[in-house]
Amino acid sequence: MARRRFLRAVSSSVAALLLLLALPGLAGAKFIWPAAWHPHVGTAKRYAANRAGTVHFAVKGLDGRMRGDNASATAPMASTFKVLLLLTYLRQHSVRHRPLDDSERDLLGPMIRISDSVAATRVRDIVGVAAIERLAHDAHLQDFTYNSVWGLSRDSSRDQVRLMYHLERYIPKRHRHYALDLLRTITPSQRWGVGQVHLGHWKLFFKGGWGSGSGAVDHQVALIKARGERVSLAILTENDGTHDYGKETLQGVAKRLLRGLAHVP
């Protein structure tokens, strides 16, 4: 029985691949079988080692395994903290089971899509520190420390990559589509770094953080999904010199980590 089930599974997989190759426009396409794709951590490490400043990163591939470079090191979170604020707001008992009203959407939408820091401070004041730290505990953010200047709260790339990989777990079911849509529709002027990497049919949900354009910090956290498969990454950079240089570093690390992902069917 086990042998027959195995043979049927193999036959189904081969048939599915042949069907893909038979589709118009795909006959000459390049494909990478999901089990064969892994993040190119070594290539990303070598690139990061030659960049100015400090670069820490972590990535979870299709196998769910975490890999990275100095992934336990912490940095000020800047606007990546706003992901925690979004989740904390939606998890409130007074919010989780009801529709959001227009005033709430007018608050949360700009906080994520255009990284409105005034809105973020307002959300922080509404939810309170205890609720933020409760979410950090529930999400097993072992390196997280809160700061009253919320952008100076610190965390590691390994914490953030776990959070993004399991993102939907921390969003009430009623609000999952809304939260993911915000992270998918970041304003074009802030879609640098991983936002410039070709991902094919994979959908990108991400948030950036930067030190007011000074180059002090430039970060990105991201979830990348396609039909039940997922990859997450977190890239934290400090002392980039300029914001443009930091954006270039983010794109360079992300492009190398994710090389070939667009070809996974």
Main-chain N/O of Gly53 paired to Glu238 side chain as donor or acceptor, under 3.5 Å: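 Judged by distance alone, no pair lies under 3.5 Å.
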
Please write out which residues are connected to [X] in a hydrophobic cluster, directly or through intermediates, given that two of Ile, Leu, Val, Met, Phe, Trp, Tyr count as joined at side-chain heavy-atom separations below 4.5 angstrom.
| X | value |
| --- | --- |
| Ile114 | none |
| Val149 | Leu152 |
| Val161 | Met66 |

Residue pair [X] / [Y]: nearest heavy atoms and the distance that separates them:
| X | Y | result |
| --- | --- | --- |
| Trp37 | Leu258 | CZ2-CA, 3.9 Å |
| Phe144 | Ile132 | CZ-CG2, 4.2 Å |
| Ala58 | Ala71 | CB-CB, 4.0 Å |
| Ala222 | Leu204 | CB-CD1, 3.9 Å |

Residues in side-chain contact (heavy atoms from CB on, under 4.5 Å) contact with Ser115, at least two apart in sequence or another chain: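 For Ser115 the side-chain contact (heavy atoms from CB on, under 4.5 Å) partners, ignoring immediate neighbours, are Ser79, Lys82, Gln190, Lys207, Trp210.
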
With sequence neighbours left out, what residues match Arg169 under side-chain contact (heavy atoms from CB on, under 4.5 Å)?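 Once residues adjacent in sequence are excluded, the partners of Arg169 under the side-chain contact (heavy atoms from CB on, under 4.5 Å) criterion are His166.
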
Roughly how far apart are [X] [atom1] and [Y] [atom2], rounded to 0.5 Å?
| X | Y | atom1 | atom2 | value |
| --- | --- | --- | --- | --- |
| Trp150 | Asp125 | CH2 | CG | 11.5 Å |
| Ile224 | Glu229 | CD1 | CD | 13.0 Å |
| Leu236 | Arg154 | CG | CZ | 10.0 Å |
| Arg91 | Leu86 | CZ | CG | 11.5 Å |

Within 6.0 angstrom of Arg227 CZ, more than 12 heavy atoms from elsewhere: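 Atom CZ in Arg227 is not packed in, count stays at 12 or less.
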
Neighbour count >12 (heavy atoms, 6.0 Å) for atom CG, Asp101: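 It does: Asp101 CG has more than 12 such atoms within range.
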
Dump the intermediate steps for side-chain hydrogen bond (donor to acceptor under 3.5 Å, both in side chains) on Thr249 and Arg51, then the final yes or no. CA-CA 7 Å; Thr249 299; Arg51 300 296 289 174; 2.9 Å; yes

Between Arg176 and Tyr170, is a side-chain hydrogen bond (donor to acceptor under 3.5 Å, both in side chains) present by the stated rule, with each step listed? CA-CA 9 Å; Arg176 282 176 195 162; Tyr170 308 111; over 6 Å; no

Is there a donor in the side chain of Thr43 and an acceptor in the side chain of Arg259, or the other way round, less than 3.5 Å apart?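 No, because no side-chain N or O of Thr43 sits under 3.5 Å from a partner of the opposite role on Arg259.
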
Between Tyr89 and Arg96: side-chain donor-acceptor atoms closer than 3.5 Å: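 There is no such pair between these side chains.
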
Who are the salt bridge (Lys or Arg N to Asp or Glu O under 4.0 Å) partners of Asp106, not counting sequence neighbours?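 Residues passing salt bridge (Lys or Arg N to Asp or Glu O under 4.0 Å) with Asp106: none at all.
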
For Asp244 and Lys247, run salt bridge (Lys or Arg N to Asp or Glu O under 4.0 Å): C-alpha distance rounded to whole Å, both residues' side-chain angles, the deciding distance at 0.1 Å, then the answer. CA-CA 5 Å; Asp244 285 341; Lys247 291 190 290 185; 3.4 Å; yes

Please confirm whether Arg184 makes a cation-pi placement over Phe205, using NZ or CZ under 6.0 Å from the six-membered ring centre and within 45° of the ring normal.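 No, Arg184 does not sit over the ring of Phe205.
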
May I ask you to test the Pro99-Arg174 pair for a side-chain heavy-atom distance under 4.5 Å?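 Of all side-chain heavy-atom pairs linking Arg174 with Pro99, at least one is under 4.5 Å.
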
Please lay out, stage by stage, how Asp69 and Arg46 fare under the test salt bridge (Lys or Arg N to Asp or Glu O under 4.0 Å). CA-CA 10 Å; Asp69 186 25; Arg46 289 190 292 274; over 6 Å; no

